[in-house]
> 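Before we start, here is the structure in question, set down as C-alpha cells.
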Amino acid sequence: RSTLFPYTTLFRSPTVLDYIHDQPRALRETLLRKEEFLVAFDKVFKEDRVRKIHLFGSGTSYNVSVIAAYYFKHIAGIDAQANYPTVFKNYEKADWTGLLSSEEILYIGISQSGTSISTVSMMEVGKKNKYRTVALTEDLESEITRHVDSVIHLLCGKELNPPETRGFTVAVLQMYLIAWRAALLNGNKTMVEYNDAMNDAEKLVANFDLAISEAERWYDRNATTLVSSERVCILGYGVDFGSALEGQLKIGEMLRIPSIGYELEEFSHGPTMAITGKQTILLFGSDEPEWERCKVFRDAFKKYTTRVHLITYKKIESDYKDCIFSLQTTKYLAPILYTLPIQFTAAKGALDTNIDTAIDPFKIPLAHM
C-alpha cells in the first residue's frame with residue numbers, strides 16, 4: 001500500500017477522490033513545515049516596504065490569487081490585486097500612479113505545475129522591469145522557477161489528475177500564513193493577533209477529517225438533484241468570492257455541467273432572471289457584512305427553485321439540503337472549508353455519472369500553448 005494514500009493500492013493511480021481525502025494530511029504537513037516558506041518572505045518584507053502586490057495565476061491559481069489578495073489587504077494592510085496574466089500584460093501597469101518604486105512592488109506568480117505559459121511570461125516581464133518576483137509552485141525544477149528572484153515550494157505534492165483539489169486548499173493555507181507573517185513584520189498585527197491566527201489554523205487542520213466527512217455526507221444525501229442540474233450557480237461574497245470562482249471551475253471541469261460563479265449581490269442584477277426549477281444554487285455563508293443579505297437571498301431563491309443549498313459554519317436554522325459545518329473557524333480560513341462540498345459534488349458527481357476526470361475531452365492543451 002502507498003504511504004501517501006493508505007486506501008489505494010499499487011495497482012491503480014490515485015483518483016481525484018483520493019486527493020480530496022488526503023487533504024487533512026497535506027494541510028497538517030503544510031502547517032508543520034510553515035517556516036520553510038515563511039522565512040523566504042521574511043527577507044522580502046524586511047528589506048523594503050512592500051506597498052503593492054500583484055498576484056498572477058490561471059484557473060485554480062487565479063482563484064487562489066483572489067483570496068490571497070483579500071488576505072494581503074485585510075490582514076496585512078497591503079494593497080494587493082489578483083490578475084489574469086495575459087490581461088495584465090496587455091492592458092495594465094504595475095503602478096498607474098507612477099509614485100511607487102520598483103522595489104516597492106512585488107509580483108507573485110502561482111502555478112502548481114510551474115508550466116502555465118501566461119504566468120511564466122508575466123514573471124519574466126516583471127523581473128525584466130526590476131520588480132521583485134516570487135513563484136509559488138509545487139515543482140521546484142519547473143519553467144517558472146527560472147524567471148523569478150525567489151521560489152516558494154507549494155507543499156501540496158503532485159496531483160496526477162488534471163483537476164487540482166489538494167493544490168487549492170494547500171495554496172490557500174500557505175497564502176493565509178504568508179499574509180499573517182507580512183502583517184506581523186510590517187506592524188499591522190500584533191504578536192498576540194498573529195499567534196491567535198496560527199491557533200485558528202491549527203484548529204482547522206486538526207479537525208479537517210471531520211469536515212471531510214460532513215461534506216461527503218452532504219453530497220450523498222443531495223446527489224440526485226446535484227448531478228441532474230441544468231446549471232449550477234455558486235455564490236460568494238467578501239473573502240469567498242474566490243471560493244465561488246473555484247466552485248465554478250471544479251464543477252465545470254469535472255461534473256461538466258454549465259456552472260457560474262458570482263458575487264452574491266451582483267447575481268441579483270440580471271442572472272436571477274434565468275433561474276429555473278432545475279437549477280442548483282450554492283451559497284457560501286461567510287462571516288462578512290453581507291451575511292444578513294445572504295439569508296434574505298436564500299429565502300428568495302427558494303421561491304423559484306427547491307435546489308438551494310447554504311454552505312456555512314455559522315449557526316442557522318437548516319435542513320438536509322444545507323451543509324452546516326460543526327467546525328467553528330474564521331472567515332479567513334472558511335474558503336478552505338467551503339471548497340469541500342464543491343469538490344465532492346464535482347468528483348463524486350463525475351463518478352456517479354460515469355465521467356472519467358483523468359481524461360481531458362478537450363484535446364488541444366490551450367493552457368500550455
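Note that the coordinates shown come from a computational prediction; the quantities given were computed from them, not determined experimentally.
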> Counting N and O atoms only, with roles assigned by atom type, does the side chain of E159 sit under 3.5 Å from a partner on the main chain of T165, one being a donor and the other an acceptor?
yes
> Does K295 pair with E317 as a salt bridge, N-O distance under 4.0 Å?
no
> K158 side chain to E138 main-chain N or O, any donor-acceptor pair under 3.5 Å?
no
> Taking all heavy atoms of A347 and all of L17, pick out the closest pair and write down the distance.
CB-CD2, 3.9 Å
> Just jot down the side-chain hydrogen bond (donor to acceptor under 3.5 Å, both in side chains) partners of E202, sequence neighbours excluded, or say none.
none
> Are the side chain of N222 and the backbone N or O of Y320 linked by a donor-acceptor pair below 3.5 Å?
yes
> If you take all heavy atoms of L210 and S326, which pair is closest and at what distance?
CD2-OG, 3.4 Å
> Please check: side-chain N/O of E143 versus main-chain N/O of G114, any donor-acceptor pairing under 3.5 Å?
no
> Examine distances only and state if a side-chain atom of R307 and a backbone atom of Q279 form a donor-acceptor pair shorter than 3.5 Å.
no
> Could you work out, with ring-ring contact (aromatic ring centres under 6.0 Å, His included) as the rule, every residue matching F325, not counting sequence neighbours?
none
> Tell me who clusters with Y107, hydrophobic residues only, linked when side chains sit under 4.5 Å apart either directly or through other members.
F56, F88, L100, I105, V120, M122, M123, V125, Y131, L140, I144, V148, V151
> Taking R166 first and then D22, would you say they form a salt bridge - that is, a charged N and a carboxylate O separated by under 4.0 Å?
yes
> Looking at K52 and E104, is there a salt bridge between them, counting it only when a charged N and a carboxylate O are closer than 4.0 Å?
no
> With a 4.0 Å cut-off, would you call R298 and D322 a salt bridge?
yes
> Rest of the hydrophobic cluster containing Y62 (Ile/Leu/Val/Met/Phe/Trp/Tyr, side-chain heavy atoms under 4.5 Å)?
V66, Y84, V87, Y91, F241, L245
> For V308, which fellow cluster members are found when Ile, Leu, Val, Met, Phe, Trp and Tyr are connected by side-chain heavy-atom distances below 4.5 angstrom, either directly or through intermediates?
L235, Y237, I260, Y262, L264, F267, I275, I281, L283, W291, F297, F301, Y304, L310, I316, I324
> With a 4.0 Å cut-off on N to O distance, would you call R256 and E253 a salt bridge?
no
> Do the side chain of S61 and the main chain of I110 share a donor and acceptor less than 3.5 angstrom apart?
yes
> Which ILVMFWY residues can you reach from V296 by hopping between side chains whose heavy atoms are under 4.5 Å apart?
none
> Among R28, R25, H21, Q23, find the one that has a side chain to side chain donor-acceptor pair (under 3.5 Å) with D209.
R28
